[in-house]
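Scroll down for the structure; my scribbles are underneath it.
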2 protein chains.
Amino acid sequence: MQADRVIRALSALAQEHRLAAFRLLVQAGEQGVAAGVLAEKLQVPPSSMSFHLAQLANAGLVTQRRESRSIIYSADYAAMNGLMGYLTENCCGGMSCSEDAACLPSPQRKSA
Amino acid sequence: MQADRVIRALSALAQEHRLAAFRLLVQAGEQGVAAGVLAEKLQVPPSSMSFHLAQLANAGLVTQRRESRSIIYSADYAAMNGLMGYLTENCCGGMSCSEDAACLPSPQRKSA
DNA sequence: TCGATATTTTAATAGTTATCGAATCATTGG
DNA sequence: CCAATGATTCGATAACTATTAAAATATCGA
C-alpha cells in the first residue's frame, strides 16, 4: 500500500460519522448494510451519510452494491489490513519489538 | 480506547508529514528521534515540524523528552495498538472472520 | 552573561472539509 | 406511465487545518 492511499484511508476514518459507519460495516461482515440503515442508526441526514460513504468508498475502505432500491455497503477487509500493515511496517527497526512495549497486539512479533 | 481519542489519533496520522514522521518513529523504537532530525529528514521547516509533532503528541501517539537542547520524540506503541484494536473490534460480528477475507493480518482470529 | 543552537509559539493567510436542504436520479409496484 | 421509495448530487455556508516567517523560549559552552 502506498502512502497516498494510506492517507486517504486515514482521512476517511478520521471523522466521527465515518468511523462509526465503518465499524458497523466491519461488524456486519460480508452481508453489509444499506445506506439508509446506516443513516438512521447514526442519526445523520441521508445526504450527509451519502457524502461520508462516498469518502469511505473513494478511500477504498468500503465497497458498494445495489440491491433493488437500496445500496448496500460492506467493509473491505483487505484494505483495512493493508492500512494496519503500513503503520507497523518495520516496527522497532525490524528487530524483535522491545521487551516492554509490543508493536502489535500479539501478531508478527519476530522473536522473544 | 474511546471514539474521541481514536478520531484524534486518526486525524493526526492522516497527513503526509505526520504519517511519515510517525513511521520513522515507529521504526526508530524506544530510542526516538530529535525534532530537528525529523524536520531535516522530511524536508520540512522546523516550525512546521513542531506543529505536526504537537498534533501527534496531543493525539497520544508519541511522547517527548528533552535531552540537552534537543527534544526527542518516540512512538507510543500502546496507543498504536489501541487504535488498531478499536478498528477491528467485533470484526465480522465476533465470529471467526469470513473464510475468504481475514479481519486481521494474522492475530486475534478467534477460531478456524 | 553572551552567543549559538534546538525548538516552540504566534499570527496571518490560504486551502480544505463538514453540513444539510433542495433538486435530481434510479428502481419498483400498481 | 406514475407515484413512492431509496439514494446521490448540488450549492451555499460555516468550521477547521496547513503553512511558514518572525518572535519567543530553553539549554549549553566559553
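Naming: A, B, ... by sequence-line order, numbering from 1 per chain.
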Task: First of R66(A) and A54(A) reached from the 5' end of DNA chain D, by closest nucleotide - done: R66(A)

Open item on the list: Without decimals, in angstroms, what is the distance between R65(A) CZ and dT27(C) C1'?
Closed with: 17 Å

- [ ] Name the first nucleotide and the last nucleotide along DNA chain D (5' to 3') that come under 4.0 Å of a heavy atom in chain B.
- [x] dA18(D) to dC28(D)

Task: Residues, nucleotides or ligands: over 12 heavy atoms within 6.0 Å of E40(A) CD - done: no

TODO: Calculate the interatomic distance between I72(A) atom CD1 and dT27(C) atom C1'; express it in whole Å.
DONE: 14 Å

- [ ] Could you tell me which non-hydrogen atom of A39(A) sits nearest to which non-hydrogen atom of P46(A), and how far apart they are?
- [x] CB-CA, 4.4 Å

Open item on the list: If I take atom CG from residue D76(A) and atom CG from residue N81(A), how far apart are they, to the nearest 0.5 angstrom?
Closed with: 9.0 Å

- [ ] Using a heavy-atom cut-off of under 4.0 Å over every strand shown, decide if A39(A) touches base, sugar-phosphate, or nothing.
- [x] nothing

TODO: Calculate the interatomic distance between L13(A) atom CG and dT17(C) atom P; express it in whole Å.
DONE: 15 Å

Task: Validation row: L13(B), L83(B) side chains within 4.5 angstrom (heavy atoms) - done: yes

Task: Rounded interatomic separation in angstrom, taking CD from E40(B) and C1' from dA6(C) - done: 12 Å

Task: Heavy-atom side-chain contact between R18(A) and F51(A) under 4.5 Å - done: yes

Open item on the list: Looking at every non-hydrogen atom in both residues, tell me the closest pair between T88(A) and M80(B) and how far apart they are.
Closed with: CG2-CE, 3.6 Å

Open item on the list: Testing the basics here: between A59(B) and A9(B), what is the closest heavy-atom pair and its distance to 0.1 Å?
Closed with: CB-CA, 3.8 Å

- [ ] Rounded off to whole Å, could you give me the CD-to-C1' distance for the Q64(B) and dA6(C) pair?
- [x] 14 Å

- [ ] Tell me whether the OP1 or OP2 atom of dA6(C) has a side-chain N or O from Y73(B) closer than 4.0 Å.
- [x] no

Contacts under 3.5 Å, N or O only, protein and nucleotides 19-22 of chain C:
residue : atom : partner : partner atom : Å
dT19(C) : OP2  : Q15(A)  : NE2          : 3.3
dT19(C) : OP2  : H52(A)  : NE2          : 2.6
dG21(C) : N7   : S47(A)  : OG           : 3.3
dG21(C) : O6   : S47(A)  : OG           : 3.2

- [ ] Mind calculating the distance between CG (L53(B)) and C1' (dA6(C)) to the nearest angstrom?
- [x] 13 Å

Open item on the list: So if I take the C1' atoms of five pairs at each end of the helix from dT1(C)-dA30(D) to dG30(C)-dC1(D) and get each local axis, what angle do the two axes make, rounded to 10 degrees?
Closed with: 30°

Open item on the list: Expressed as a whole number of angstroms, how long is the span from I71(A):CD1 to dC25(C):P?
Closed with: 15 Å

Open item on the list: In this structure, how many angstroms lie between the C1' atom of dT17(C) and the CG atom of L10(B), rounded?
Closed with: 16 Å

